[in-house]
Amino acid sequence: MTKKLIVNPSWCKGCGICVEFCPKKVLKVVKEKITVVNYDDCIKCGLCELRCPDYAIYIEEVRDEE
Amino acid sequence: MPSELILKYMREEHLPHIWCPGCGHGILMRNVAQAIKNLGIDQEKVCLVSGIGCASRAAGYMDFQTMHTTHGRAIAYATGVKMARPDLEVIVIAGDGDCAAIGGNHLIHAARRNIGITVIVFNNDIYGMTGGQYSPTTPHGEFGTTAPYGNIDRPFDIAVLAAGAGASYVAKGTTYHAQQTIKLIENGIKHKGFSLIDCAGICPTYYGRKNKKGGAVEMMRYQRDNTITVEQAAKMTREEKEGKLILGKIAENDFPEFSDEYQKIIDRLKEGK
Ligand SMILES: Cc1ncc(C[n+]2csc(CCOP(=O)(O)OP(=O)(O)O)c2C)c(N)n1
Ligand code: SF4
Ligand code: SF4
Ligand code: SF4
Ligand SMILES: [Mg+2]
């Protein structure tokens with residue numbers, strides 16, 4: 001299984017909570033919408049998902065292709 | 001596409017919710033869904049009851065058996081559901097106003113009876129929905145639209161109130177400490193008698209603005225930097241605890257549960273004793 005960081009800007013209200021508490025500075029709010037600026041630094045810790053009031057960011061487990 | 005958790009436990013067609021940007025209620029509502037998922041409870045066996053308020057809108061968003069009732073009366077309706085269907089997991093989501101102002105009497109008597117429901121308080125220390133009036137949990141000296149010169153009331157500690165009234169499981173969570181709060185909600189739901197989890201909320205729109213606490217990020221930071229555990233709090237003086245939030249279990253007892261006691265009477269009378 002591989003973990004993937006997914007964002008759904010259409011549900012994002014730009015509150016900035018995920019940006020502030022991301023331990024790796026992966027995220028930024030651009031024009032009031034969540035944007036991934038450093039995907040490679042993301043450690044898939046899921047803290048953004050836990051604290052997003054609008055369920056606009058989350059970690060998905062995807063099956064590895066054989 | 002939202003996450004699996006949201007797809008399963010929320011009514012996706014009603015999302016995004018209408019809560020303000022950065023409103024802590026969204027985080028707390030996710031915690032409730034995650035706790036139910038972790039416990040593996042059958043979704044059809046959960047009855048979620050709420051009253052009126054921003055917090056109470058959760059019953060519209062969450063995909064269980066749900067009842068969105070009247071202001072302050074969620075615990076009364078939940079008591080009725082539990083007495084008719086003791087097999088259901090009955091959960092109330094309530095705001096601080098809903099639960100401790102207009103609904104305060106229902107709260108203390110449900111706790112006294114130790115009826116097996118779980119109350120999760122989204123406690124943002126203010127009436128969010130109606131425009132920022134002070135509530136029974138607004139701290140002394142803080143501001144609301146109805147306390148323009150500072151609140152002269154002393155606040156209720158809802159958790160201590162519930163424990164004092166006889167609730168058999170009581171804990172305090174915060175919006176910032178999501179992982180720990182999920183665990184406390186799980187423990188509250190698993191517990192057999194009346195459980196209450198008082199969760200420190202975040203209302204940036206009214207509480208934040210009226211009290212110059214900044215926006216959602218600043219309010220979350222405040223929770224991060226000012227939360228102490230129940231164990232730490234036990235060693236501190238009242239002055240030292242001023243402005244601090246407490247995280248953890250406040251009380252746990254195995255008092256007899258109300259719907260069980262009622263069933264015992266039915267069984268006894270059936271036997272003709
Ligand atoms: C009987 C009755 N009285 C008053 C109101 C107005 N009212 C609606 S919500 C509310 C308080 C909301 O505060 P709280 O319960 O803390 O929830 P929040 O909006 O902060 O989440 C009040 C007073 C009402 N709807 N019904
Ligand atoms: S998963 Fe962790 S590291 Fe990745 S964006 Fe979210 S908070 Fe940052
Ligand atoms: S926490 Fe959620 S709503 Fe807030 S900025 Fe991040 S993705 Fe957007
Ligand atoms: S008024 Fe306050 S409690 Fe209500 S949705 Fe807005 S931020 Fe949340
Ligand atoms: Mg409130």
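All values reported here derive from a predicted model rather than from experimental measurement.
The distance from atom CD of B:Glu4 to atom OH of A:Tyr58, rounded to the nearest 0.5 Å, is 9.0 Å. The line from OH of A:Tyr55 to CG of B:Leu15 is 7.0 Å long, rounded to the nearest 0.5 Å. To the nearest 0.5 Å, the span separating CE on B:Met220 from CZ on A:Phe21 amounts to 5.5 Å. Rounding to the nearest 0.5 Å gives a distance of 5.0 Å between CD of B:Gln179 and CG of A:Leu50.
Annotation for B:Lys244: atom NZ counts as buried by contact number, over 12 foreign heavy atoms lying within 6.0 Å. Counting non-hydrogen atoms of other residues, nucleotides and ligands closer than 6.0 Å to NZ of A:Lys25 gives a total above 12. Enclosure of atom CZ in B:Phe143 by more than 12 non-hydrogen atoms of other residues, nucleotides or ligands within 6.0 angstrom is indicated. Heavy-atom contacts from other residues, nucleotides or ligands closer than 6.0 Å to NZ of B:Lys213 number more than 12. Residue B:Met1 qualifies as open at atom CE: its count of foreign heavy atoms under 6.0 Å is 12 or below. When the shell of 6.0 Å around NZ of A:Lys44 is examined, it contains more than 12 heavy atoms from other residues, nucleotides or ligands. No more than 12 heavy-atom neighbours from other residues, nucleotides or ligands sit within 6.0 angstrom of NZ on A:Lys24.
Between A:Ile17 and B:Ile27, the shortest heavy-atom contact is CD1-CD1, 4.2 Å.
Using a 4.5 Å cut-off between heavy atoms, B:Met10 contacts chain A through its side chain alone, with no backbone atom that close. Only the side chain of B:Arg224 comes within contact range of chain A, judged by heavy atoms closer than 4.5 Å. Within the 4.5 angstrom heavy-atom criterion, only side-chain atoms of A:Glu20, from C-beta onward, approach chain B. Proximity to chain B (any heavy atom under 4.5 Å) is shown, for A:Glu49, by both the backbone and the side chain. Both the backbone and the side chain of B:Glu12 come within contact range of chain A, each with at least one heavy atom under 4.5 Å from a heavy atom of that chain.
A cation-pi contact links A:Arg51 to B:Tyr176, judged by a cut-off of 6.0 Å to the six-membered ring centre and 45° from its axis.
Of the possible polar contacts, none joining the B:His25 side chain to the A:Pro53 backbone as a donor-acceptor pair under 3.5 Å is found. A donor-acceptor contact shorter than 3.5 Å is absent between the side chain of A:Lys13 and the backbone of B:Pro16.
Ranked by heavy-atom pairs under 4.5 Å with chain A, the first of B:Ser3, B:Gly22, B:Cys23, B:Pro21 is B:Ser3.
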